[in-house]
Q: 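Shown below is the structure under consideration.
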Amino acid sequence: MKTNSSFGVWPHVAAIIYSEGGVFGLVDCNSFYCSCERLFRPELRTRPVVVLSNNDGCVISRSKEAKEFGIQMGEPAFLRKDFFAANNITVFSSNYALYGDLSRRVMNELSHFSPDVEVYSIDEAFLGFSGFPKDTLPAIAKRIYKKIPKNTGIPVSVGMGPTKTLAKLANHLAKKKDEYRGIYIIDSEESREAALKQVSVADIWGIGPAYARKLEAVGITNAWEFAKANKHWIRKHLTVVGARIAYELNSIECSSLVTVDPAKKTISVARSFSSMKDTREALEGAVATFASAAAYNLRKQKGYTNLIRVFVHTNQHRSDLEQYGCNTIVPLPVQMQDTIKIVRYALHGLRKIYKRGLQYKKAGVILDQIRLESDQQNDLFDNFNRDRDEKISEAMDKINARYGKSKVKLAVASKQNAWSLRQENLSPRYTTRWQDIPIVLS
DNA sequence: TCTGGGGTCCTAGGACCC
DNA sequence: TCTGGGGTCCTAGGACCC
């Protein structure tokens, strides 16, 4: 490919560089899940706290105090059980109903600071500040830093910069270095250089362990060196993804704000079982339940799936047991969205891969090739009663919305409680369940 | 006994079409 | 002797994110 631009093989970059320079903010909640739990347990405010993943499997959130104990992200909880007890570290099972609700409150507060908010994940958002006078940014950052904890109880860090990657990097510094007191703003060449020199390549947004290893192997260790490195080398070894990151670190915008959440292209539901399962019936119960949940999410975004994947595998951490893992693709004759058909095809897939006599630890269902309703093509030879099955799903959704999740489900999804989660330290749903709302005594 | 879950994007290669 | 080539779609695998 040959172009006239001096950007050679990156014409898309040439197109972007001449657009107006923006300003982005990244607001990130500190130890989000731990902060949510502490909100209703004020006595824990200065105590070490950790939150565990589904099934109480591994550590997924740590308070500052817990990090100081050397507890790592992703550590298996059972290895640390005694350590937690010995050091008086409070442990919570994850409570997504609570975190989701508090996340909505934080995002709502953030929308008061900018008309352009990209909710990037449950605990962070990008804000657009293009057109805001540069000298107002420090005051805005300070207001966000104070207002969010005041109004929601959740502490945050604030980063700002001319690209999303720089805002993210600024946020990283704001959070990691106490001297910045939760705020870092890149608004000059000096502040950009100072920031890049303090961040190692592995901590750049988009650089994972594999890319970091490649960079370190050629002597590139921090973000400043990466930004200055040869772009052809980067393009070749880190693909266009790496090249975009390098440009963004040089204040050249390659990624813009996404303020409407796009429809998902795949929807997956998968769980590890709290204890291993060996019967086909138990796996059928799990797969039917996962397929039902996935189908419900599919209908929520008004999508239709064209292809279902089903997978199962044994416990990979048990070298003493026979290992087996398999996934299968079930192409669908017509696109579909109703629970009854999706469960039927998912179970068909399971029967193809199920092997007798093994101890299964995990299963999952993935709906793939999702298209929007408006794109739907009717198949001339469609011999299903689409109308009937879709009406049943619609009725199930209505009943469940009114009387509670999973009040109505397919019989097969009730087969044995194969996949029930272990949640030994679950907090109440303080904000989303009437019975769990805290009572204040005056 | 016990090791999470849900996504996206990029690339290379094959199938298929005209 | 000479045995196309471009476009699109799909998949698998790898890398990344939270």
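Order of the sequence lines sets the chain letters (A, B, ...), proteins ahead of strands, with each chain counted from 1. Small disclaimer: the values here were computed from a predicted structure and weren't measured.
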Q: Can you classify the ring geometry of Tyr180(A) versus Tyr184(A) as parallel (below 30°), tilted (30 to 60°) or perpendicular (above 60°)?
A: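 The arrangement is perpendicular - the two ring planes meet at more than 60°.
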Q: Under the side chain to side chain donor-acceptor pair (under 3.5 Å) criterion, do Thr314(A) and Gln359(A) qualify, and how do the steps go?
A: CA-CA 6 Å; Thr314(A) 51; Gln359(A) 296 289 318; over 6 Å; no
Q: Give Lys265(A) one of three labels, base, sugar-phosphate or nothing, depending on what nucleic acid heavy atoms sit under 4.0 Å from its own.
A: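 The residue Lys265(A) makes sugar-phosphate contact but no base contact.
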Q: Under a 4.0 Å heavy-atom cut-off, which of residues 57-71 of chain A touch DNA chain B?
A: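 Of all residues in residues 57-71 of chain A, the ones placing a heavy atom under 4.0 Å from DNA chain B are Gly57(A), Cys58(A).
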Q: Which part of the nucleic acid does Asp56(A) contact within heavy-atom distance under 4.0 Å: base, sugar-phosphate only, or nothing?
A: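 If one applies the 4.0 Å heavy-atom cut-off, Asp56(A) turns out to touch nothing in the nucleic acid.
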Q: Base, sugar-phosphate, or nothing: which does Ile267(A) touch, judged by heavy atoms less than 4.0 Å apart?
A: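 Sugar-phosphate contact only - Ile267(A) comes under 4.0 Å of backbone atoms but never of a base.
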Q: Nearest to the side chain of Pro76(A) - dT3(B), dT1(B), dG6(B)?
A: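 Out of dT3(B), dT1(B), dG6(B), the nucleotide with an atom closest to Pro76(A)'s side chain is dT3(B).
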Q: Check nucleotides 9-15 of chain C for protein N or O atoms closer than 3.5 Å to its own N or O atoms and list the pairs.
A:
residue: dT11(C); atom: OP2; partner: Gln369(A); partner atom: NE2; Å: 2.7

Q: Looking only at the aromatic ring of each residue, does the gap between the centers of Phe126(A) and Trp205(A) stay below 6.0 angstrom?
A: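 Yes, the ring centres sit under 6.0 Å apart.
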Q: Just need the stems in DNA chain B: three or more back-to-back Watson-Crick or G-U pairs, each with both distances under 3.5 angstrom, sorted by first number.
A: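 Output for stems: B:5-18 with C:5-18.
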Q: Kindly indicate, with the supporting measurements, whether the criterion ring-ring contact (aromatic ring centres under 6.0 Å, His included) is fulfilled by Tyr33(A) and Tyr96(A).
A: CA-CA 9 Å; Tyr33(A) 297 168; Tyr96(A) 290 103; 5.8 Å; yes
Q: On the ring face of Trp233(A), is Lys231(A) found with NZ or CZ under 6.0 Å from the centre and within 45° of the axis?
A: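 That pair does not qualify as a cation-pi contact.
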Q: When all nucleic acid strands are considered with a 4.0 Å heavy-atom cut-off, which category describes Ile207(A): base, sugar-phosphate, or nothing?
A: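 Sugar-phosphate: the residue Ile207(A), judged by heavy atoms under 4.0 Å, touches backbone atoms but no base.
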Q: Does the ring of Tyr324(A) carry Lys355(A) above it, NZ/CZ under 6.0 angstrom from centre and within 45° of its axis?
A: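 Yes, Lys355(A) sits over the ring of Tyr324(A).
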Q: Assign Ile204(A) to base, sugar-phosphate, or nothing according to its heavy-atom contacts below 4.0 angstrom with the strands shown.
A: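 Ile204(A): backbone/sugar contact only, no base atoms under 4.0 Å.
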Q: Check whether Tyr354(A) forms a cation-pi arrangement with Arg351(A) (NZ or CZ under 6.0 Å from the six-membered ring centre, at most 45° off the ring normal).
A: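 No, Arg351(A) does not sit over the ring of Tyr354(A).
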Q: Under a 3.5 Å cutoff, is there a donor and acceptor pairing between the side chains of Ser427(A) and Asn95(A)?
A: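 Yes - a donor-acceptor pair under 3.5 Å links their side chains.
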Q: With a 3.5 Å distance limit and no angle check, can you tell me whether Ser393(A) reaches the backbone of Asp338(A) through a side-chain donor-acceptor pair?
A: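 No, Ser393(A) side chain to Asp338(A) backbone: no donor-acceptor pair under 3.5 Å.
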Q: For the P atoms, the ones on dC18(C) and on dT3(B), what distance do you get once it is rounded to whole angstrom?
A: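 Per the computed distance, 25 Å lies between those P atoms.
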Q: When all nucleic acid strands are considered with a 4.0 Å heavy-atom cut-off, which category describes Glu124(A): base, sugar-phosphate, or nothing?
A: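 Counting heavy atoms under 4.0 Å across all strands, the contact made by Glu124(A) is with sugar-phosphate only.
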Q: Cationic tip of Lys277(A) within the cone over Tyr360(A)'s six-membered ring, i.e. under 6.0 Å and within 45° of the normal?
A: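 That pair does not qualify as a cation-pi contact.
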Q: Report yes if at least one side-chain N or O of Thr266(A) is closer than 4.0 Å to OP1 or OP2 of dT8(B); otherwise report no.
A: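 Indeed, a polar side-chain atom of Thr266(A) lies that close.
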Q: Compare side-chain N and O positions of Asn55(A) against OP1 and OP2 of dC2(B) and report whether any pair is under 4.0 Å apart.
A: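 Indeed not, no polar side-chain atom of Asn55(A) lies that close.
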Q: Give a yes/no answer on whether the side chain of Arg318(A) brings an N or O atom under 4.0 Å of OP1 or OP2 in dT3(B).
A: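 No, because none of the side-chain N or O atoms of Arg318(A) sits under 4.0 Å from OP1 or OP2 of dT3(B).
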Q: As a test of reading the structure: which of dG5(B), dC2(B), dC18(C) is closest to the side chain of Met276(A), going by heavy atoms?
A: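 Minimum distance to the Met276(A) side chain belongs to dC2(B).
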Q: Counting just side-chain N and O atoms, does Arg80(A) come under 4.0 Å of either OP1 or OP2 of dT3(B)?
A: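 Indeed not, no polar side-chain atom of Arg80(A) lies that close.
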